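As the structure is a prediction and not an experimental result, all values here were calculated from the model. In what follows, every heavy atom counts, from backbone to side chain, and hydrogens, waters and symmetry copies are set aside.
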Amino acid sequence: MFDVYVGRDDSAYRMEQISIAIEKLGIFPPHSFFVGDTIIDITTGARMGLFPIGVSTKPYRVQQFYEIGAPCFKSSKQFLGSIIKIKKW
């Protein structure tokens, strides 16, 4: 299902995990997005040059994401549905 999986087995540090994924995928960060469910995910993704997108049903997290300018969805399914509509896949 996924081309690349990077997790705590690869590194305990989020920035290093993202760097590994960027390298394995061969992506250009300004043309890519990063989906996370914590403020650490969102801020780290942004620091790495990726467009951060939040996924959470918790009101305090939604507020945190909006405060730093990251769009937020209630579920991964909702997020993926919006991408499919935009790309018309």
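Closest approach of L50 and S32 over heavy atoms only: CD2-CB, 3.6 Å. For T43 against I40, the heavy-atom pair with the smallest separation is OG1-O, 3.3 Å. Here the closest non-hydrogen pair linking P52 and A70 is O-CB, 3.7 Å. Taking each heavy atom of S11 and I20 in turn, the nearest pair found is CB-CD1, 4.4 Å.
Defined by atom type and a distance below 3.5 Å, a donor-acceptor pair is present between the side-chain atoms of R14 and Q17.
The line from CD1 of I39 to CZ of R61 is 9.5 Å long, rounded to the nearest 0.5 Å. Going from atom OH of Y5 over to atom CG of D10 covers 8.0 Å, rounded to the nearest 0.5 Å. With rounding to the nearest 0.5 angstrom, the CG atom of D37 is 10.0 Å from the SG atom of C72. Annotation: the span from D3 atom CG to K24 atom NZ amounts to 12.0 Å, rounded to 0.5 Å. To the nearest 0.5 angstrom, I42 atom CD1 is 13.5 Å from E67 atom CD. Atom OG of S82 and atom CD1 of I53 lie 7.5 Å apart (nearest 0.5 Å).
Using a 4.5 Å heavy-atom cutoff, the side chains of F51 and P71 are in contact.
Put simply, F73 and Y66 are part of two different groups of oily side chains (I, L, V, M, F, W, Y) that touch within less than 4.5 Å, one to the next. By the criterion of side-chain heavy atoms lying less than 4.5 angstrom apart, applied directly or through intervening Ile, Leu, Val, Met, Phe, Trp or Tyr residues, L25 is not grouped with F33; the two fall into different hydrophobic clusters. In the hydrophobic clustering of ILVMFWY residues, with side-chain heavy atoms under 4.5 Å counting as a link, I68 and M48 come out apart. Cluster annotation: L80 and V35 are assigned to the same hydrophobic cluster (Ile/Leu/Val/Met/Phe/Trp/Tyr, side-chain heavy-atom contacts under 4.5 Å, transitive). Linking Ile, Leu, Val, Met, Phe, Trp and Tyr whenever their side-chain heavy atoms come within less than 4.5 Å puts I22 and M15 in one cluster.
Within a 6.0 Å radius of CD in E23, no more than 12 heavy atoms belonging to other residues, nucleotides or ligands are found.
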